[in-house]
Amino acid sequence: MLTLLKTAPLFGLLLVNVAFAQPTNIQLEYDVSRNDSSFGTVKDSYEQEGGQYHIVSTTEGKGLYALLGKRVLMSDGQVTVKGLVPAKFQLKRGSTGKSFSAMFDWAGNQLKMLVKGENRTATLVAGALDLASYPYQFMFAPPAGEQVEMTLTTGKKLDKYVYNIVDNHAVLEVGGVSYETIHLASAEVDGKKKKELWLAKSKHYIPVKYLVVDKHGDKIEQTLTNMRIN
């Protein structure tokens with residue numbers, strides 16, 4: 001709900017060891033609602049073993065929305081002292097059967113994507129991430145200054161995103177727990193903020209809430225309901 005970023009090709013020379021300060025196992029659960037009406041859940045799993053990470057994010061609908069099937073995001077790559085360096089990203093949609101994938105060819109400086117059987121390429125940007133990995137990059141590079149820039153792939157394209165730091169000390173109550181957070185918001189479009197997220201300072205800057213305003217003006221919120229960190 002998506003950061004971040006410094007030179008990626010060099011990251012491989014700076015592998016993190018087991019004693020590094022960041023957690024190696026994170027399990028998150030979120031409730032997803034549209035205009036305050038719950039319609040789904042998201043379960044995230046971040047696992048690190050040595051200098052490698054594996055992330056799985058599964059979105060599943062409730063009631064009639066369950067008929068749409070699950071959306072699964074997966075990201076694999078290296079963990080370095082400066083953050084995550086993706087090697088492979090996949091997105092799979094349940095009932096539609098749609099899938100996208102992206103291979104990060106850092107040596108060749110290319111992102112190689114496969115979209116509905118069609119090959120696409122883009123020039124890699126240092127520090128590029130994907131939809132599954134970017135939320136965890138904040139553990140290694142907490143937001144600072146006035147803005148955060150990130151370049152990430154959705155599996156279909158590679159784009160740059162800019163977020164303003166709205167508040168460095170925003171207190172947010174989520175699931176009965178009060179967190180001091182950093183509140184980020186994307187640039188306004190037609191007077192509406194299209195995406196916002198809140199990062200819990202005491203929990204390794206893990207996002208505890210996302211807010212997206214879609215093109216129809218509907219508010220889609222993803223709110224933390226359970227967190228386990230080791």
Side-chain angles (χ1 to χ4, degrees), residues 1-17 20 22 24 26 44-59 70-94 96-145 147-163 184 186-187 189 194-195 197 205 207 210 212:
M1 183 279 160
L2 318 40
T3 222
L4 349 120
L5 332 154
K6 294 246 177 174
T7 122
L10 298 180
F11 282 180
L13 302 179
L14 302 168
L15 290 180
V16 170
N17 59 39
F20 195 71
Q22 308 307 333
T24 58
I26 301 173
D44 264 25
S45 173
Y46 169 93
E47 296 179 349
Q48 177 191 331
E49 185 173 349
Q52 302 294 317
Y53 77 83
H54 176 63
I55 297 170
V56 179
S57 179
T58 304
T59 302
K70 299 178 181 180
R71 186 189 76 157
V72 181
L73 309 179
M74 292 180 285
S75 179
D76 293 274
Q78 289 183 320
V79 183
T80 76
V81 292
K82 292 187 178 181
L84 305 180
V85 184
K88 182 179 181 180
F89 169 73
Q90 292 178 288
L91 183 156
K92 296 181 180 179
R93 296 186 185 275
T96 65
K98 292 181 180 179
S99 65
F100 310 106
S101 64
M103 302 295 293
F104 290 75
D105 178 6
W106 293 108
N109 201 35
Q110 278 197 327
L111 181 69
K112 300 176 181 179
M113 296 167 282
L114 181 63
V115 182
K116 299 178 183 178
E118 175 190 341
N119 291 309
R120 299 180 186 178
T121 61
T123 301
L124 270 177
V125 177
L129 296 160
D130 54 61
L131 283 180
S133 62
Y134 88 87
Y136 297 95
Q137 176 63 12
F138 291 115
M139 294 193 297
F140 304 91
Q147 287 188 331
V148 173
E149 295 184 2
M150 68 187 84
T151 301
L152 62 91
T153 181
T154 61
K156 295 191 292 184
K157 57 183 178 178
L158 186 68
D159 277 337
K160 178 180 177 181
Y161 299 84
V162 179
Y163 285 82
L184 305 179
S186 61
V189 178
K194 304 301 287 185
K195 187 173 182 180
L197 58 161
Y205 299 91
Y210 299 84
V212 175

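Sequential numbering from 1 along the given sequence is applied to the chain's residues.
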If you look only at distance, which donor and acceptor atoms sit under 3.5 Å apart when one is on a side chain in residues 152-162 and the other is two or more places apart or in another chain?
from, atom 1, to, atom 2, distance (Å)
Thr153, OG1, Gly155, N, 2.9
Thr153, OG1, Lys157, O, 2.8
Thr154, OG1, Lys156, N, 3.3
Lys157, NZ, Asp159, OD2, 3.4
Lys160, NZ, Glu149, OE1, 3.4

>> Could you walk me through whether Lys92 and Arg71 satisfy the side chain to side chain contact (heavy atoms under 4.5 Å, CB included) test, starting with their C-alpha distance in whole Å, then the side-chain angles of each, then the deciding distance to 0.1 Å, before giving a yes or no?
In response: CA-CA 6 Å; Lys92 296 181 180 179; Arg71 186 189 76 157; over 6 Å; no
>> Run the side chain to side chain contact (heavy atoms under 4.5 Å, CB included) test on Gln22 and Val79 for me, step by step, so that the C-alpha distance in whole Å, both residues' side-chain angles and the decisive distance to 0.1 Å come before the verdict.
In response: CA-CA 10 Å; Gln22 308 307 333; Val79 183; over 6 Å; no
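To the nearest 0.5 angstrom, Leu73 atom CG is 10.0 Å from Ile55 atom CD1. Separation of atoms CD (Gln90) and CE (Met103) is listed at 8.5 Å; rounding is to 0.5 Å. Taken from CG in Asn119 to CE in Met113, the straight-line distance is 10.0 Å, to the nearest 0.5 Å.
Qualifying ring pair (Phe, Tyr, Trp, His ring centres under 6.0 Å) partners for Tyr136, counting only residues two or more places apart in sequence or in other chains: Tyr46. Residues forming a side-chain hydrogen bond (donor to acceptor under 3.5 Å, both in side chains) with Asp76 (at least two apart in sequence, or on another chain): His54. Under the side-chain hydrogen bond (donor to acceptor under 3.5 Å, both in side chains) criterion, Ser57 pairs with Asp44, sequence neighbours left out. With sequence neighbours excluded, the residues that form a side-chain hydrogen bond (donor to acceptor under 3.5 Å, both in side chains) with Tyr53 are Ser75.
Panel note: side chain Trp106, backbone Pro86; a donor-acceptor pair is recorded below 3.5 Å. A donor-acceptor distance shorter than 3.5 angstrom exists from the side chain of Gln137 to the backbone of Lys82, with no hydrogens or angles considered.
When every heavy atom of Leu84 is checked against every heavy atom of Ser133, the shortest pair comes out as CD1-O, 3.7 Å. When all heavy atoms of Asp105 and Leu124 are compared, the pair lying nearest together is O-CD1, 3.6 Å. Taking every heavy atom of both residues into account, Leu129 and Phe104 meet most closely at O-CZ, 3.8 Å.
Contact annotation: the side chain of Tyr163 never approaches that of Pro143 to less than 4.5 Å [non-hydrogen atoms, C-beta and beyond]. With contacts defined as side-chain heavy-atom distances shorter than 4.5 Å, the pair Phe89/Phe100 does not qualify. By the 4.5 Å heavy-atom criterion applied to side chains, Leu197 and Phe138 are counted as neighbours.
For the salt bridge (Lys or Arg N to Asp or Glu O under 4.0 Å) condition, no pair includes a residue of residues 47-59, sequence neighbours left out.
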